[in-house]
Protein chains: 2
Amino acid sequence: MPKIGMEPQRRAALVQATIGEIGAAGSLQVTVGQIARRAGVSSALAHHYFGGKAQILSAAMRHILSEYSAEVRAALAAAKTPQDRLRAIIAANFAESCFEADVISAWLNFYVLAQRDPEAGRLLRIYQGRLRSNLTHALRVHMARPEPAAEVLGALIDGMYLRAALGGAGFEQGAAEQVMACADALIRGQT
Amino acid sequence: MPKIGMEPQRRAALVQATIGEIGAAGSLQVTVGQIARRAGVSSALAHHYFGGKAQILSAAMRHILSEYSAEVRAALAAAKTPQDRLRAIIAANFAESCFEADVISAWLNFYVLAQRDPEAGRLLRIYQGRLRSNLTHALRVHMARPEPAAEVLGALIDGMYLRAALGGAGFEQGAAEQVMACADALIRGQT
DNA sequence: CCTTTGATTGACTGGTCAGTCAATAAAAAC
DNA sequence: GTTTTTATTGACTGACCAGTCAATCAAAGG
């Protein structure tokens with residue numbers, strides 16, 4: 001019973017399924033067949049809409065990054081005072097929609113993909129650039145030379161993701177607080 | 001002309017070739033054939049000595065981790081004063097033998113492997129545990145409650161590796177200095 | 001109606017790769 | 001000098017998988 005206008009739904013389902021499969025497998029070596037099955041369609045349809053596995057992966061990556069962007073933008077908009085902005089950014093980075101097993105695993109795998117696929121590298125560099133810029137702005141209220149601290153906090157957030165990917169225990173909130181504590185120390189201990 | 005006692009040499013060459021291939025490909029999807037060719041032997045011989053691809057990967061991982069351990073141990077032994085220890089550990093983490101394109105790439109890929117292979121996860125957790133322990137000890141000279149700072153510095157070092165894996169510019173020495181600056185700030189700004 | 005268009009699939013293909021095995025050859029041991 | 005051990009490989013196989021294609025089905029448009 002082919003209904004019309006399926007494309008957007010199928011695309012979304014496939015993207016979601018891709019993240020789920022990557023998370024479950026802990027690897028980019030998921031077959032188009034697995035992804036398609038999880039999305040409830042045939043692998044041929046996945047190829048039909050996306051063209052190839054590379055495009056499916058790319059779409060999944062864009063989805064994660066855009067969801068992340070939305071989270072940060074919302075947090076920034078909700079920040080009452082300039083001082084709030086720093087905490088808002090850090091909290092957004094560990095919000096549920098981003099800091100979740102499947103997403104973290106996919107995100108880690110995208111770093112690997114970036115070593116091979118220039119497009120993936122470009123996307124990741126854009127993400128890093130935005131994070132740096134956001135942190136720099138937020139830190140400027142607190143310190144004269146915010147750049148080094150922004151760099152450190154950006155790397156620290158990535159490091160927390162990496163450790164979360166390794167599994168371990170209840171990072172979920174601890175991570176955000178540790179990053180905030182580090183931010184406080186950087187502000188207080190500025191040279 | 002089969003000489004005797006080749007096994008150790010072949011194993012070492014294959015391990016080295018594995019790291020090289022992973023670094024070149026930016027992925028664990030390197031074939032046993034590629035690894036073997038780089039090591040100058042047939043893929044059958046690689047299977048003969050290691051049993052399978054999983055064991056080759058595991059051996060490469062152990063090699064990187066043990067080289068890393070040696071670097072840290074040497075740095076710690078060379079530290080004159082207790083205050084030196086912290087800088088020594090951080091410097092060792094960014095020493096040439098560890099902080100090199102191929103090795104970083106392989107190390108990142110091992111984090112991915114750890115999501116699927118419990119043995120890889122175990123090894124990585126041992127590495128993290130040692131780093132935490134070393135940092136905690138070194139920080140105790142400077143602060144009453146070193147644990148949170150050690151946690152943060154460990155994650156920060158991992159984050160720096162992750163960013164180095166993404167390529168970018170001359171991290172090589174900048175990274176170490178940024179981590180040291182962060183350590184100073186944590187010590188100075190302790191609550 | 002009938003035809004165009006979008007949705008959807010099963011079946012097929014060409015290529016790749018981990019792992020096996022029997023064979024060869026040289027050193028070592030007896 | 002024969003046997004054992006170690007080193008080494010080419011050739012094979014069984015599985016898996018991305019991508020293709022022709023066919024089917026139903027809604028929409030005329």
Side-chain angles (χ1 to χ4, degrees), chain A residues 1-61 106 109-110 112-113 116-117 119-120, chain B residues 1-61 106 109-110 112-113 116-117 119-120:
Chain A
M1 355 46 197
K3 286 168 191 167
I4 214 175
M6 283 288 104
E7 182 161 352
Q9 277 147 268
R10 295 309 192 194
R11 287 188 103 99
L14 283 164
V15 161
Q16 209 55 52
T18 302
I19 297 167
E21 282 296 316
I22 292 176
S27 158
L28 294 171
Q29 277 161 308
V30 292
T31 72
V32 177
Q34 286 172 312
I35 294 170
R37 188 157 353 113
R38 180 179 280 233
V41 300
S42 72
S43 78
L45 193 66
H47 277 102
H48 174 64
Y49 282 132
F50 283 95
K53 187 177 174 179
Q55 284 95 325
I56 301 179
L57 256 27
S58 182
M61 195 169 166
N109 276 283
F110 290 148
V112 170
L113 182 60
R116 206 166 348 130
D117 178 355
E119 173 65 7
Chain B
M1 356 52 189
K3 287 169 191 169
I4 213 175
M6 283 288 104
E7 181 161 353
Q9 278 148 266
R10 295 310 193 193
R11 288 187 102 100
L14 283 163
V15 160
Q16 209 55 52
T18 303
I19 296 168
E21 283 295 315
I22 293 176
S27 158
L28 293 172
Q29 277 160 309
V30 292
T31 72
V32 177
Q34 286 173 312
I35 294 170
R37 189 161 348 116
R38 182 179 279 233
V41 300
S42 72
S43 77
L45 193 66
H47 277 102
H48 174 64
Y49 281 131
F50 283 95
K53 186 178 174 178
Q55 284 95 323
I56 300 178
L57 256 27
S58 183
M61 195 170 166
N109 276 282
F110 290 147
V112 170
L113 182 61
R116 152 171 49 107
D117 178 354
E119 173 65 7

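Heavy-atom basis, side chains included; hydrogens, waters and symmetry copies ignored. Every chain is numbered from 1, with letters handed out A, B, ... down the list of sequences.
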Contacts of type side-chain contact (heavy atoms from CB on, under 4.5 Å), residue B:Gln29, not counting sequence neighbours
A:Gln29, A:Arg116, B:Ser27
Please enumerate all residues that pass side-chain contact (heavy atoms from CB on, under 4.5 Å) together with B:Ala13, with sequence neighbours excluded.
B:Ala39
In whole Å, I'd like the distance from the CE atom of B:Met6 to the P atom of D:dA7.
8 Å
For B:Gly5 versus B:Pro8, what's the shortest heavy-atom pair and its separation?
O-CD, 3.5 Å
B:Ile56 and B:Ala46: which non-hydrogen atoms are nearest, and at how many Å?
CD1-CB, 4.2 Å
For DNA chain C, what residues of residues 11-22 of chain A have any heavy atom nearer than 4.0 Å?
none
Check B:Ala17 against B:Ile35 and note the closest heavy-atom contact, atom names and distance.
CB-O, 3.4 Å
Considering just the side-chain nitrogens and oxygens of B:Arg10, establish if one lies under 4.0 Å of OP1 or OP2 belonging to D:dT8.
yes
Please, which pairs that meet salt bridge (Lys or Arg N to Asp or Glu O under 4.0 Å) have at least one residue in residues 26-36 of chain A, sequence neighbours excluded?
none
Which residues within residues 39-59 of chain B lie with some heavy atom under 4.0 Å of an atom in DNA chain D?
B:Val41, B:Ser42, B:Ala44, B:Leu45, B:His48, B:Tyr49
Output the rounded distance in Å from CD (B:Gln9) to C1' (D:dT6).
14 Å
I need the residues from residues 24-35 of chain A with at least one non-hydrogen atom less than 4.0 Å from DNA chain D; give them sorted by number, or say none.
A:Val30, A:Thr31, A:Val32
Strictly by salt bridge (Lys or Arg N to Asp or Glu O under 4.0 Å), give each pair with a member in residues 36-45 of chain A just once, sequence neighbours left out.
A:Glu21-A:Arg38
Looking at A:Thr18 and A:Leu14, would you say the former's side chain and the latter's main chain have a donor-acceptor pair under 3.5 Å?
yes
For B:Arg11, enumerate each residue passing the salt bridge (Lys or Arg N to Asp or Glu O under 4.0 Å) test, keeping only those at least two apart in sequence or located in another chain.
B:Glu7
So the side chain to side chain donor-acceptor pair (under 3.5 Å) pairs with at least one residue in residues 40-55 of chain A (sequence neighbours excluded) are none
What pairs of residues pass the salt bridge (Lys or Arg N to Asp or Glu O under 4.0 Å) test when at least one of them lies in residues 22-34 of chain B, not counting sequence neighbours?
none
Applying side-chain contact (heavy atoms from CB on, under 4.5 Å), can you list everything that pairs with B:Ala120, at least two apart in sequence or on another chain?
B:Met61, B:Leu113, B:Ala114, B:Asp117
Kindly compute the distance separating CD1 (B:Ile19) from CG (B:Leu57), expressed to the nearest 0.5 Å.
10.5 Å
Shorter than 3.5 Å, N or O on both sides, protein versus nucleotides 28-30 of chain D: list them out with atom names.
none

